[in-house]
Amino acid sequence: MADTIKLEISRYSPETDAAPHFQSFEVPFRRDWVVLDALNYIKDKQDGSLTYRWSCRMGICGSCGMLVNGEPKLTCATFLADYAPASIRVEPLRNFPIVRDLVIAMNDFMRKFQKMKPWLIRKEEKPVSEGEYLQTPEQLDAYKQFSMCINCMLCYAACPVYGLDPLFAGPAAIALAQRYNLDSRDQGAKDRFPVLSQHDAIWGCTFVGECTRVCPKHVDPAGAIQQYKLTAALDWVKSVVMPWGGK
Amino acid sequence: MDVTTHDVLLVGGGGAGLRAAIAVSELNPNLKIAVVSKVYPMRSHTVSAEGGAAGVIKSDDSLDEHAYDTISGGDWLCDQDAVEAFVNEAPQELLQLEHWGCPWSRQDDGHIAVRPFGGMKKMRTWFAADKTGFHMLHTLFQTTMKYNSIFRYDEWFVTKLLVDDGRVQGVVAIELMSGKIQAITAKSVILCAGGCGRVFPFTTNASIKTGDGMGLAYRAGAPLKDMEFIQYHPTGLPFTGILITEAARAEGGYLVNKDGYRYLQDYNLGTPTAKPVLRSMELGPRDRLSQAFVKEQEKGRTIDGPYGPVVHLDLRHLGEKLINAKLPFVRELCTKYQNVDPVHELIPVRPVIHYMMGGVSTDINGATPLPGLFAAGEVACVSINGANRLGSNSLPELLVFGARAGKAAAEFASSAKPISNSILAQAFDEQRRIENQFLRNTTGRERTSTIREEMQQTMETSAGIYRTESSLAAGAKTLRHLQERSDNLALDDHSLTFNTDLVAALELSFMLDVAESMVQSALQRTESRGAHQRTDFPKRNDEKFLAHSVVFRAADGRPRVEYLPVRITRWPPGERVYGQPAQKASAS
């Protein structure tokens, strides 16, 4: 196998470029290198202006999501060896505004995420001095999967609906709302209902399932959305059939 | 220049910063809080913590035992009043986090589950599988979203603390998205910017851990404390430095050499048993385990790997079911990054830089000697960690002292005088410095990455697991030279939009200051204690060095070391005993 590999990297600076373009770099090919190692090599040795986000390099901080040959990936967990000897194309995540090179703007997600009220809501707080809220391992399992979201934005880059309808809340925000709705300690599902049941929040999802396919943490946002649609539909039925409140 | 104004400003949005922000909000909802972080808060390095968080909760345990384990684990360099406050408040802080939604692992009856951990005599480590830091950080971050008084500056890099009239009154920061440089003023500032593992070449630490907070304080005149105490974690994956949590050994994993021999039995850490024994063998403290690795290497009993010598962590006997339930992230990391499945194969590991016991010197409420400046978390040194931190003490530390610093900073802000008008001139000077030294400088000749690599190699060679006068003196000299060269940096990137080349240069300058403080403190501590091992002074010397090193930045930029006594309350200095004698002692 060749001892170098070619990367074609999307470059864009709003100060000088009208549109993104590709630039080729040649880096050493090492079997244990991931795409992020190659980017760091380029930045350190060849072009310090190459711009991307990264931090933990162990797939938990959620910073280094990019498109690798068109697929949303965490670049810290994507090995060069899986693509060699062919060249590798690295682009910013799609469906987001590009800030520079491989950095996208994610304020839209942050705003939608906060609207979901992603915190534990109680009608009455038990004082900490009285100890923990009990929660069995089975009750923990009911929401645990959705609590694994690292906010890496791969699911937004994969979601065809988010690409077309910027009002759609998107897979991660909905999964994280469900993470609290399904937590046995939480009593806030009704507070989240108005935001979640809006047309654009969940009903836009056509269950393509791409979000679940690309999720590096097996969160299954598509499952969360379908589950919530069912809950919302039943709540709607309840509110019509039992207007005095079925809960 | 734009100026924004708040009451309390947090530098850093990891566990300590977010806990502090909530503490301020709860104490006084009228105070305007700013969280300034160079990354979105949920990217902060707290996210990578795996094993757990210690806090006494079970009936067979006691606060005194947690205090004793911490103090003996720290080789008697901990301030015991701080440790007592810490063990006392840790359980309620962990419970508070539970009330905010943290998905702690549970017993079948729904109560919190605990696991054993290194250096701890009782089971007291709370955990959320092996992603404890991740769940704690996301719980804290999501909880902060409900407080309207918390304003976030996401992806802003702080370059300087503004000091006037003898007190800290804000910061100068760059908004990465736009390149705008501005002053953010506040009546009190809390540093929660984490440690600086990145001064070394091989570390578990994320790329963002570059000692910015320590550098900011040091340059503003606040001293750093106990900087020579640097923790090697015994089990990192070679090449990547990815941490394999101590929980892997707490669940029953073995450390073996090239002969499959559990070598820790040769280093005064007890005798091997099939099931893990607390404070023994693989559950000894991190400093002793990392030192044992070097001794094994010297005996030629390690295994040669492509990235240097390794030993093996053996989890195979634990079985797939337990590994999936208790250590799923360990399995994921090993299969994904090392191409090894711990259910069937041995994991190659070697010691790796993990944690700074030292940091910005604070009192028990997080206050530094510089009025208006507070610090909490890894950036700070209270000190509860002494010469060696016990695993699972750092997560509760950032809660306990984050909350304490938040309260103290809120009180300070409530009674502080208004911001001085004259600090704006300082902010302008800082803006000019950044523009002239970096953005508009076209005559520089040095590459940031080259100097960074040389610094990292210097630190490993001079201030690694074992140190000598000659290694440290040589390191100090090289670092001085690197400081001079770093005045002459050439950036490739002169633009304003998300300039990570500029950030890397500014981070390097903080790291060089921190590195010099570490080497100088290590040079002057002519004894061996905890993680600071001098082969030329192999014994602990309580007469001379039962004292904290306190390092100031002199006018010429060089470090100047003074000493402060250790505060002893109830546990006079004794011998650190691990293995069987410790069990006998605890049984009596």
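Keep in mind that the numbers below use all heavy atoms, side chains included, and drop hydrogens, waters and symmetry copies. All chains are named by letter (A, B, ...) in the order of the sequence lines, taking the proteins before the strands, and each is independently numbered beginning at 1.
- Between B:Lys146 and A:Lys117, every side-chain heavy-atom pair lies at or beyond the 4.5 Å cut-off.
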Margin query: Let's go through B:Phe329 and A:Met58 carefully: what are the C-alpha distance in whole Å and the side-chain angles of both, what is the deciding distance for side chain to side chain contact (heavy atoms under 4.5 Å, CB included) to 0.1 Å, and is it a yes or a no?
Written below: CA-CA 10 Å; B:Phe329 196 35; A:Met58 56 189 277; 3.8 Å; yes
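- Counting only heavy atoms from C-beta outward, the side chains of B:Thr139 and A:Leu120 never approach each other to under 4.5 Å.
- Within the 4.5 angstrom heavy-atom criterion, no atom of A:Glu130 approaches chain B.
- Chain B forms more heavy-atom pairs under 4.5 Å with one residue of A:Arg179, A:Met148, A:Glu132, A:Lys144 than with any other, namely A:Glu132.
- For chain A, the nearby part of B:Leu333 is the side chain; its heavy atoms alone come within less than 4.5 Å.
- Listed options B:Asp108, B:Thr144, B:Leu237 were ranked by heavy-atom pairs under 4.5 angstrom with chain A; first place goes to B:Asp108.
- The choice from B:His494, B:Met177, B:Glu155 that makes the most heavy-atom pairs within less than 4.5 Å of chain A is B:Glu155.
- A donor-acceptor pair is defined here as one N or O able to donate and one able to accept, closer than 3.5 Å; no such pair exists between the side chain of A:Ser63 and the backbone of B:Arg43.
- Without hydrogens or angle criteria, B:Glu98 side chain to A:Tyr133 main chain gives a donor-acceptor distance under 3.5 Å.
- When all heavy atoms of A:Val128 and B:Gln96 are compared, the closest pair comes out as CG2-OE1, 3.4 Å.
- By the ring pair (Phe, Tyr, Trp, His ring centres under 6.0 Å) test, A:Phe146 pairs with no residue at all, sequence neighbours left out.
- Ranked by non-hydrogen atom pairs under 4.5 Å with chain B, the options A:Asn151, A:Val99, A:Val103 are led by A:Asn151.
- Between A:Arg57 and B:Thr240 the shortest heavy-atom distance is NH1-CG2, 3.1 Å.
- Contact of the A:Lys45 side chain with the B:Arg447 side chain is not registered, since no non-hydrogen atoms from C-beta on lie closer than 4.5 Å.
- Looking at B:Lys209, neither its backbone nor its side chain comes within 4.5 Å of chain A, counting heavy atoms on both sides.
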Next item on the list: Show your working on side chain to side chain contact (heavy atoms under 4.5 Å, CB included) between A:Trp33 and B:Phe239 and close with a plain yes or no.
Entry: CA-CA 10 Å; A:Trp33 271 19; B:Phe239 175 56; 3.5 Å; yes
Margin query: Could you go through B:His135 and A:Ser147, starting from their C-alpha distance and side-chain angles, then the distance that decides it, and tell me whether this counts as side chain to side chain contact (heavy atoms under 4.5 Å, CB included)?
Written below: CA-CA 8 Å; B:His135 285 299; A:Ser147 76; 3.3 Å; yes
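- Only the side chain of A:Leu176 has a heavy atom closer than 4.5 Å to any heavy atom of chain B.
- What you find for B:Gln142 and A:Tyr180 is that their closest heavy atoms are OE1-OH, 2.7 Å.
- The residue among B:Gly133, B:Ser207, B:Ala206 with the most heavy atom pairs within less than 4.5 Å of chain A is B:Ser207.
- For chain B, the nearby part of A:Glu125 is the side chain; its heavy atoms alone come within less than 4.5 Å.
- For the residue pair B:Tyr337/A:Asp32, the side-chain donor-acceptor check at 3.5 Å is not satisfied.
- The side-chain hydrogen bond (donor to acceptor under 3.5 Å, both in side chains) test applied to A:Ser49 returns A:Arg11, A:Asp47, not counting sequence neighbours.
- Within the 4.5 angstrom heavy-atom criterion, no atom of B:Leu94 approaches chain A.
- The two residues A:Lys43 and B:Thr500 come nearest to each other via the heavy atoms NZ-OG1, 2.9 Å.
- For A:Asp141, the CG atom counts as densely surrounded, since its 6.0 Å shell holds more than 12 non-hydrogen atoms of other residues, nucleotides or ligands.
- With a 4.5 Å cut-off on non-hydrogen atoms, B:Asp109 touches chain A through its backbone but not through its side chain.
- Within residues 448-455 of chain B, the residues having any heavy atom under 4.5 Å from a heavy atom of chain A are, by residue number, B:Ser449, B:Arg452, B:Glu453.
- Within 6.0 Å of the NE2 atom in A:His21, the count of heavy atoms belonging to other residues, nucleotides or ligands exceeds 12.
- Taking the side chain as every heavy atom from C-beta outward, A:Asp101 and B:Phe498 never approach each other to under 4.5 Å.
- Taking A:Glu138, A:Gln114, A:Arg185 one by one and counting their heavy-atom pairs under 4.5 Å with chain B, the maximum is reached by A:Arg185.
- Taking the side chain as every heavy atom from C-beta outward, A:Pro118 and B:Met145 approach each other to under 4.5 Å.
- Proximity to chain B involves both the backbone and the side chain of A:Cys76, based on heavy atoms less than 4.5 angstrom apart.
- Across A:Leu140 and B:Pro103, no two heavy atoms sit closer than the pair CD1-CB, 3.8 Å.
- When each of B:Val47, B:Leu137, B:Ile208, B:Thr46 is tested with A:Cys61 by the rule side-chain contact (heavy atoms from CB on, under 4.5 Å), just one qualifies, namely B:Val47.
- Closest approach of A:Gly131 and B:His99 over heavy atoms only: O-NE2, 2.8 Å.
- Only the side chain of A:Arg53 comes within contact range of chain B, judged by heavy atoms closer than 4.5 Å.
- Taking 4.0 Å as the cut-off between side-chain N and carboxylate O, A:Lys217 and B:Glu332 count as a salt-bridged pair.
- A heavy-atom distance below 4.5 Å is found between the side chains of B:Ser495 and A:Arg100.
- Interface remark: B:Glu93 contributes no atoms to any contact with chain A (heavy atom separation under 4.5 Å).
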Next item on the list: Apply side chain to side chain contact (heavy atoms under 4.5 Å, CB included) to A:Met110 and B:Met42, showing your working.
Entry: CA-CA 11 Å; A:Met110 296 302 283; B:Met42 69 279 188; 3.8 Å; yes
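- Residues that satisfy the ring pair (Phe, Tyr, Trp, His ring centres under 6.0 Å) test with A:Phe25, not counting sequence neighbours, are absent from this structure.
- Proximity to chain B (any heavy atom under 4.5 Å) is restricted, for A:Tyr143, to the side chain, taken from C-beta onward.
- Interface check for chain B: of the options A:Ser129, A:Ser55, A:Cys56, A:Gly62, the most heavy-atom pairs under 4.5 Å are formed by A:Ser55.
- Looking at B:Arg106, its side chain never comes within 3.5 Å of a backbone N or O of A:Thr136 through a donor-acceptor pair.
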